[in-house]
Protein chains: 2
Amino acid sequence: MQKTKSAIKGGNAGRNRGHNRRVVLDYVRRNEPTGRAEIARSCGLSIQAVSNITDALAADGFLQMVGKATGKRGKPVVQYRFNPDQSFAVGLEMRPDALVCAVLNLKGALIVADRIAISNATPARAIPLACELVEKTIEKAGRARSQLLGVGVVMPGPFGESALSGIGEANLPGWQDIDIKQSFEAALSCTVVVENDATAAAISERVAGVATKIDNLCFIYFGTGLGLGVIAGGHAQSGAFGNFGEIGHVITQVDGTACSCGNHGCLETYASRMAAKTYLKARGHSAIDTEALSRLMVAQDPDLQAWISRAAKHLSLAIGMLENIFDPEAVVLGGAMPDSIIEALIAQLSLPKGSVANRKERSIARVIKGASGRNTAAIGGASIIIHQATTPALSLFN
Amino acid sequence: MQKTKSAIKGGNAGRNRGHNRRVVLDYVRRNEPTGRAEIARSCGLSIQAVSNITDALAADGFLQMVGKATGKRGKPVVQYRFNPDQSFAVGLEMRPDALVCAVLNLKGALIVADRIAISNATPARAIPLACELVEKTIEKAGRARSQLLGVGVVMPGPFGESALSGIGEANLPGWQDIDIKQSFEAALSCTVVVENDATAAAISERVAGVATKIDNLCFIYFGTGLGLGVIAGGHAQSGAFGNFGEIGHVITQVDGTACSCGNHGCLETYASRMAAKTYLKARGHSAIDTEALSRLMVAQDPDLQAWISRAAKHLSLAIGMLENIFDPEAVVLGGAMPDSIIEALIAQLSLPKGSVANRKERSIARVIKGASGRNTAAIGGASIIIHQATTPALSLFN
DNA sequence: ATATTTAATTCAAGTTACTTGAGTAAATAA
DNA sequence: TTATTTACTCAAGTAACTTGAATTAAATAT
């Protein structure tokens, strides 16, 4: 009988210290400016403890004192705020045709993004190039390498054995057999996290996007295929084998369009960049890239309009399903797709009325546009690093 | 600007103590019999700390020393095991037509289950009756009321404003406006947790069912409708508004059968007890309850066979979708449905091959049968209490 | 048989980070 | 001016964990 690995570890004074620092840091980041008494009340700690912690965080540069707040009765509050420039995070998107790198400050603001074209993106070729790009982009951002918090590497899923399964045609070749995280950690000697694009995008919305105050969201990501990133209770979902969110292969039409995965009627064959490309090519358009899509959108091309209308139908089904399953505060659409098309898709959705999401007193729309564009995934990668550094979790005890 | 309530609190020695006790208790429960050195290694604590903690847990009756294990080199391990009878948990299912109560020991074993019929289940009528049933069932189980760990109340979701939304026809009337948890806590003066049936069922599989070693699972629950309970990373998902898992209203056939929710082609109209009832009634069968379904199954009734075959098609779609979205270790089917029918449904599934779940090296089947029968939900309710008491989580710091 | 090795466990002292309680400071309200 | 309120500091106290040396008991080697 195999013993269960206890995923959850015990705590001690030291681990507690780390946890509490994150709790305080996270609270200040989300409620700045704020004072120590308020932090203590909110975080369930004594004022003295918070005082010690803020002193330490300020000494380390994570927090900044920003003067006193008067107006209320009592001794004025010495206010602290989060220092977004204490360090920085790097995001790196690995694509078959390009490597994209983004440097973000701790508030999630983009400092610099850069990219290089690449072909034949095997690990042996791509990893050194990627690392070089990372170093150059850090330099371009004018940041000290020593302040690097970590690198978030974003690759299209699914990971692992998925190559065997039919899904994952859009994957990079030769990456199934290596430990990506370890390879990058060895090359960059810093914290590295590997995630899929959709999850990265979802996290970036929570770090600095439309969902900073939202703890439960679904992000539908337009990559080559279609991905789903979910944040539940403030934490990103990743599945048992890291392949959470393969929404592209959810079937929205029985016996529909043939999909590369072997099934028919997958959502991805209707609503994805690839689907748009295929649809437009079949109607005589050529060289469909993101820019071309933008242009067709401006020109109100009837073929693109027809595609959007069809895609919106399938997306509506999928979104209704997500709402009923995840009960999120909002569904976000974004990714490597022109803003104008995402907006058009949202405008044409016909969401089911019979849904737990169809509440009268909604403070946010059911579907909102998230970050999109060519750098979304790389920004998402950096956001994961920020999220991990500032979000207290049980993982601290691991 | 509203301040974020810090959901996550800081830790101190006392909270750490509680956390560590749970970590140790959980480890022993899942790996018994085991010794202190092993616990220390697995939980990241020092042997001395574990020794103190096990002493305390043994003194409180949560752990029992069960002798020494020889055979290996070195001083023999003093083994401990979880004491399943230190206290007990109660589950209570509130249904429109009946109240079901189950008493479980801490290992999740059923001690006694009981039920009473009820009509017009308004809160004012049902809550006193339910509390009476709880007390009587505890007595019948021969347990001391003082050992009661808590009561898990199971009701069909969705909760909250859902009555407005069209979904939830099967709901109990008059329960939308009261705080169910508080009402029961006041009446029973003990810990009360309220959950939906599907989540309760999922947790019960993890506490004592087919998923004790599984951290990621999806449970499709046959209630009146169809529910989904998900455990991800060992923790039950509940959604932003407690309405996670309304899988019954996922559309598996565009323009399909009309559903009470106003949409067409909802999974629930094909695969649920209600669907079976409707299908069989339309074909001349009458008085279809669970027992009748069992009898028809034994008799190999062709109408029921046809229904199963159709339901399996729709379930296959839904399960494929769940696999792609959640990437679970397994999907479990169970609930208030005869075992024989669940088995037949599983046998007739045709799962998509293009799925992240279609791995070669699976140790468990993609779809397995979980607990089913008339008491499943009540047992699930009690399981939630057990799960909460023995599963360490960040919530300890709340 | 005896010695050695291995591993679990205990004992006592030491450490850490938090809490407590008394006291101070600075603002508004009366 | 005085009282009240609220934030914060200082110093001492405490709980729970870690560390390191010593002890115990079984399996294995000599």
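Note on naming: letters A, B, ... go to the chains in the order of the sequence lines (proteins, then strands), and numbering restarts at 1 for each one.
If you check every strand for non-hydrogen atoms under 4.0 Å, B:A49 touches a base. Counting any heavy atom pair closer than 4.0 Å across all strands shown, A:R41 reaches sugar-phosphate atoms only and no base atom. Across all strands shown, A:S46 has heavy atoms under 4.0 Å from base atoms, whether or not it also approaches the sugar-phosphate.
Spacing between atom CG of B:N52 and atom C1' of C:dA12 amounts to 12 Å, rounded to whole angstrom units. Atom CD of A:Q48 is separated from atom P of C:dT20 by 12 Å (rounded to the nearest Å). Between the CD atom of A:E38 and the P atom of D:dA7 there is a distance of 9 Å, rounded to whole Å. As rounded to whole Å, 15 Å separates atom C1' of D:dT6 from atom CD1 of A:I39. One atom, CD1 of B:I47, and another, P of C:dC11, lie 14 Å apart when rounded to the nearest Å. To the nearest angstrom, P of C:dA17 lies 10 Å from CG of A:N20. Note: CG (B:L45) to P (D:dC17) measures 7 Å, nearest angstrom. For B:R17 and C:dT19, the CZ to P distance is 16 Å, given to the nearest whole Å.
Put simply, B:S51 has no side-chain N or O that comes within less than 4.0 Å of OP1 or OP2 on C:dT9. One finds no side-chain N or O of A:R36 lying less than 4.0 angstrom from the OP1 or OP2 phosphate oxygen of D:dT6. Contact check, A:N16 against C:dA17: no side-chain N or O comes under 4.0 Å of OP1 or OP2.
Below 30°, between 30° and 60°, or above 60°: for B:H235 and B:H387 the angle between ring planes is above 60°, a perpendicular geometry.
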(request) Give the B/S/- string for nucleotides 22-30 of chain C, one per nucleotide from 5' to 3', where a protein heavy atom under 4.0 Å of the base yields B, of only the sugar-phosphate yields S, and otherwise -. (result) ---BBBBS-
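Across all their heavy atoms, A:A382 and A:A89 have their closest contact at O-CB, 3.5 Å.
Two residues, A:R21 and B:Q79, neighbour DNA chain C, and the one matched to the more 5' nucleotide by heavy-atom proximity is B:Q79.
Atom CG of A:N216 and atom CZ of A:R206 lie 9.0 Å apart (nearest 0.5 Å).
Using a distance-only test at 3.5 Å, with no hydrogens or angles considered, a donor-acceptor pair links the side chain of B:N20 to the main chain of A:G11.
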(message) Using the rule given for salt bridge (charged side-chain N to carboxylate O under 4.0 Å, His left out), can you reason through B:D85 versus B:K107, listing the C-alpha separation, both sets of side-chain angles and the distance that settles it, and then say yes or no?
(response) CA-CA 8 Å; B:D85 295 307; B:K107 270 262 168 177; over 6 Å; no
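The side chain of A:V77 approaches D:dC8 more closely than any other nucleotide in the set C:dT9, D:dC17, D:dC8.
Between A:Y27 and A:Y80, the distance from one ring center to the other does not fall under 6.0 angstrom.
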Only distances under 3.5 Å count here; give the side-chain donor-acceptor pairs of residues 183-190 of chain A to other protein atoms, sequence neighbours excluded, each with its distance to 0.1 Å.
unit_1	atom_1	unit_2	atom_2	d
A:S183	OG	A:D179	O	2.8
A:E185	OE2	A:K181	NZ	3.0

